[in-house]
> 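Pasting in a structure now, in structure tokens, and then I'll have a few things to ask.
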Amino acid sequence: EKVEMTKEQRALMKAIVDAYNRHQIPQDVAKKLLQEQYSAEENFLLLTEMATSQVQVLVEFTKNIPGFLSLDREDQIALLKGSTVEAMFLRSAQVFSRKMPNGHTVVLEERIRKSGIPDEFMTPMFNFYKSIGELHMVQEEQAILTAITILMPDRPYVKDHQAVERLQETMLNVLRKLCVLQHPQEQQYFARLLGRLTELRTLSHYHAEMLTSWKMNDHKFTPLLCEIWDVQ
Ligand SMILES: CC(C)c1onc(-c2c(Cl)cccc2Cl)c1COc1ccc2cc(-c3cccc(C(=O)O)c3)sc2c1
């Protein structure tokens, strides 16, 4: 069938990629990853700061997804709450696969491994990071896959399923064409990308348990994280 994108699809992709690039973690926050000393406490505090900054970045990105702000207000909140962890796994995965020049990758891995996360979550988490790295996603694919994750119609408490489905479907159509254009040799590349979304669901269940175990050891989160993750 016709593979090249329509004018509308190219405009939609540009809007999403621009929003994705515009909203990055402020460099001074990301730089702290390299500077602060290592201890489980310090690592946890840093990761909490990074996560909080990342949630703010995600909210701004989401508001720029064409059509998102015309959704029902409560559905907008339900989509954000339901997708934050998955979108942040995607984002932190891109940090690893980007092989940050200034050693962020190594340092981020070190800090995650020593932040009080129980070992049983380390393996699935780093397997995911590896599987994302192997896909060699281009930036457009990362941005649209993040938008698709946010626009998941079956998140808890979403009322107008159809409205979200329509938005997500538009994104899926763009992503499918993009995958064919960017990875012409790999027939199933698009299917492999969508397979990562299933892995993200599993990780977000693990994450809920991570939160419980952190809470048990009396770890504190920021007000924004408490609100978005319903902790405390
Ligand atoms: C509260 C805290 C302890 C926490 O709880 N669960 C998780 C989590 C962990 Cl561990 C793993 C995956 C998902 C979550 Cl949600 C976290 C830490 O979450 C994050 C989330 C995003 C990012 C992006 C970063 C990053 C670095 C350099 C550069 C950039 C960049 O975008 O340029 C981004 S670090 C970072 C840390």
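Values below: every heavy atom of this structure, side chains too, minus hydrogens, waters and symmetry copies. Start at 1 and go down the list; that is how both ligands and their atoms are numbered.
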> Measure V95 to ligand 1 on non-hydrogen atoms and call it side chain, backbone, both or neither using the 4.0 Å cut-off.
side chain

> Does atom CD (E227) have a neighbourhood of more than 12 heavy atoms from anything else shown, all under 6.0 Å?
no

> Can you list the atoms of ligand 1 that are under 4.0 Å from a heavy atom of L108?
34 (S)

> Is the distance between the ring centroids of F221 and F44 under 6.0 Å?
yes

> Determine whether the side chain, the backbone, both or neither of L33 has a heavy atom under 4.0 Å from any heavy atom of ligand 1.
side chain

> Which residue is it: K32, K31, K220? I am looking for the one with a salt bridge (charged side-chain N to carboxylate O under 4.0 Å, His left out) to E49.
K32

> Heavy atoms only, cut-off 4.0 Å: how does R91 contact ligand 1, side chain, backbone, both, or neither?
side chain

> In ligand 1, which numbered atoms sit nearer than 4.0 Å to a non-hydrogen atom of W214?
3 (C), 5 (O), 6 (N)

> Taking the cut-offs as 6.0 angstrom to the six-membered ring centre and 45 degrees off its axis, would you call R111 and Y38 a cation-pi pair?
yes

> Partners of Q185 by side chain to side chain donor-acceptor pair (under 3.5 Å), sequence neighbours excluded?
none

> Applying a strict 4.0 Å limit to heavy atoms, is F121 in contact with ligand 1?
no

> Does S92 have a non-hydrogen atom less than 4.0 Å from ligand 1?
yes

> Salt bridge or not for R196 and E199, using N-O below 4.0 Å?
yes

> Should one rank K31, R111, M88, E86 by closest heavy-atom distance to atom 20 (C) of ligand 1, which comes out on top?
M88

> More than 12 heavy atoms of other residues, nucleotides or ligands under 6.0 Å from NZ of K159: yes or no?
yes

> Identify, by atom number and element, the atoms of ligand 1 in contact range of H207, meaning under 4.0 Å from any of its heavy atoms.
5 (O), 6 (N), 7 (C), 15 (Cl)

> Does ligand 1 have a heavy atom under 4.0 Å from the side chain of F126, from its backbone, from both, or from neither?
neither

> From atom 3 (C) of ligand 1, work out which of L200, L47, V231, I112 has a heavy atom at the shortest distance.
L47

> Is D119 atom CG crowded by more than 12 heavy atoms from other residues, nucleotides or ligands, each under 6.0 Å away?
no

> Please verify whether a non-hydrogen atom of H219 lies at under 4.0 Å from ligand 1.
no

> With heavy-atom distances below 4.0 Å as the criterion, list the atoms of ligand 1 near L225.
1 (C)

> Got a sec, which residues hit side chain to side chain donor-acceptor pair (under 3.5 Å) with E109, two or more places apart in sequence or on another chain?
R113

> Mark up the atoms of ligand 1 that fall under 4.0 Å of a heavy atom belonging to Y129, in ascending order.
11 (C), 12 (C)

